[in-house]
2 protein chains.
Amino acid sequence: MHQKVVETEAAIQAAFIALLQTKAFEKISVSDITKLAHINRGTFYLHYVDKYALLDHYENHLIDQIQDYFTNDFEGTMTYQSVKENGVYTYPVVQKTVGFIHQEFALWQVLLGLNGDPRFELKLKRIMKQAISNGLDRVKGDISVTRCIPEDYAWELIISGMFTIIKTWLREDDPQNPEAIADIMMKTRFLSPYDLLGIKD
Amino acid sequence: MHQKVVETEAAIQAAFIALLQTKAFEKISVSDITKLAHINRGTFYLHYVDKYALLDHYENHLIDQIQDYFTNDFEGTMTYQSVKENGVYTYPVVQKTVGFIHQEFALWQVLLGLNGDPRFELKLKRIMKQAISNGLDRVKGDISVTRCIPEDYAWELIISGMFTIIKTWLREDDPQNPEAIADIMMKTRFLSPYDLLGIKD
DNA sequence: TTTTAAAATGAACACGCTGTTGATTACGAG
DNA sequence: CTCGTAATCAACAGCGTGTTCATTTTAAAA
């Protein structure tokens, strides 16, 4: 691949991320991007058909990483791993997933942030649910989601709990390190809202 | 107020909600709205300065209802009320809040839906946190959010748990009745993710 | 180094949506 | 019935879009 292409696409990505930190995706024009990236507007269209293709490109880039890991390297992911210094075990899946996000933090930040794409979050949630379903089937045989509340409500609560942790992480001014987040995810598995509030009823 | 104004604004609202069911807010043009509402494009601008003012108007309408209730009628809201047929008690706050939403279901549906406004959800979350904080202070004196995970993560988890229930409700093809939702909200106070999955570790 | 193919530029185009204007018509409350 | 408010219609400049074509720049191959 031509080196110039790499440069240009990097400039576009940097400009795109910078703009998404300040305004909503739909309010960003191709002109905005190319001005900030110091390239000609026409050049943009040599790389992407429109700004939606740009968004898709980044989203798929991130999704593919996770998707690949979930479908290929899934053996042993739900078993406990080495003891951490604070005495908490961590699943490899959790560690890996948090690691993926940490690797491209700025991109995850804007795509899951206030100016991001709600549909991206939805896609990810579906993937997560599938992965957890599969993981549970493999490790323990007889899991049945509680009948105490409707099953789809239970699933939504579980998945969006994990997303809440990730999104809180991404919104922090001075973000925690990945290990701390993995730790939080492992701990919250056992915490109900009342536990979180510190209420002992 | 002129009757014609009421008609026109009702037509605008109906068109706006209908459009938000099919495409993202930012992709909706004033022309779209006025065409669907069978009014002249110029007429729209006699009522709202732009489509953002329209969005604000509806959001504030909903927020004010809840805000008013939280700040004025808050006495006794966190005490248990009459026993329901299935043996579950419900807080009046929960009942009232779910009731508010049920009253203008279609509007809540689109504003908190996939094509809605993430900032609206954020505003509501802040209000909810404030209300819960106040409520806890009043009813029980010595609540301290768990130190097991960082406090802001705990709060985010609690609040977005409640929002998850509401949003799941709003997305259902054949939505549950309000009582069922209030019931779910009361029950999930005690349920951790592992409880929800039916795992007994 | 020179050649050559790919990549980026700059200017122009029609199109669609915006928000505003001013003149005109429709209509409902009194 | 009448008067004032509300809605309509046509026109306006401004801006972003996506596409074009000729031109210039640039990196890699000869």
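Within every chain, numbering begins at 1; the chains are lettered A, B, ... in the order of the sequence lines, protein sequences first and strands thereafter.
- Between B/Asp32 and B/Lys23, at least one side-chain nitrogen of the basic residue sits less than 4.0 Å from a carboxylate oxygen of the acidic one, meeting the salt-bridge criterion.
- In this structure, CD of B/Glu26 is placed 11 Å from P of C/dT18, rounded to the nearest angstrom.
- For B/Phe163 and B/Trp169, the gap between ring centers reaches or exceeds 6.0 Å.
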Worksheet entry | Residue pair A/Trp155, A/Glu151: steps toward the side chain to side chain contact (heavy atoms under 4.5 Å, CB included) verdict | CA-CA 6 Å; A/Trp155 272 113; A/Glu151 183 167 339; 3.7 Å; yes
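- Taking atom OH of residue B/Tyr52 and atom C1' of nucleotide C/dG19, one finds them 13 Å apart after rounding to whole Å.
- Listed by chain and residue number, B/Glu156 satisfy the salt bridge (Lys or Arg N to Asp or Glu O under 4.0 Å) test with A/Arg171 (two or more places apart in sequence, or in another chain).
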Got a list of side-chain donor-acceptor pairs under 3.5 Å for residues 111-123 of chain A, not counting sequence neighbours?
from: A/Asn115; atom 1: OD1; to: B/Arg119; atom 2: NH2; distance (Å): 2.2
from: A/Asn115; atom 1: ND2; to: A/Leu20; atom 2: O; distance (Å): 2.9
from: A/Asp117; atom 1: OD1; to: A/Arg119; atom 2: N; distance (Å): 2.9
from: A/Arg119; atom 1: NH2; to: B/Asn115; atom 2: OD1; distance (Å): 2.2
from: A/Glu121; atom 1: OE1; to: A/Lys167; atom 2: NZ; distance (Å): 2.9
from: A/Glu121; atom 1: OE2; to: A/Lys125; atom 2: NZ; distance (Å): 3.4
from: A/Glu121; atom 1: OE2; to: A/Lys167; atom 2: NZ; distance (Å): 3.2
from: A/Lys123; atom 1: NZ; to: A/Glu59; atom 2: OE1; distance (Å): 3.0

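- To the nearest angstrom, P of D/dG16 lies 15 Å from CZ of A/Phe44.
- Between A/Gln3 and D/dT26, a side-chain N or O to OP1/OP2 separation shorter than 4.0 Å is absent.
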Could you list all N or O pairs between the protein and nucleotides 6-16 of chain C that sit under 3.5 Å apart?
from: C/dA8; atom 1: OP1; to: A/Lys4; atom 2: O; distance (Å): 3.2
from: C/dA8; atom 1: OP1; to: A/Thr8; atom 2: OG1; distance (Å): 2.3
from: C/dA8; atom 1: OP2; to: A/His47; atom 2: NE2; distance (Å): 2.8
from: C/dT9; atom 1: OP2; to: A/Asn40; atom 2: N; distance (Å): 2.8
from: C/dT9; atom 1: OP2; to: A/Thr43; atom 2: OG1; distance (Å): 2.6
from: C/dG10; atom 1: N7; to: A/Asn40; atom 2: OD1; distance (Å): 3.4

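- Rounded to an integer number of Å, the gap from CG of A/Leu54 to P of D/dT17 is 12 Å.
- As rounded to whole Å, 12 Å separates atom P of D/dT17 from atom NZ of A/Lys27.
- The ring pair (Phe, Tyr, Trp, His ring centres under 6.0 Å) with A/Phe16 is formed by just one residue from the set A/Tyr58, A/Tyr48, A/Phe44; it is A/Tyr58.
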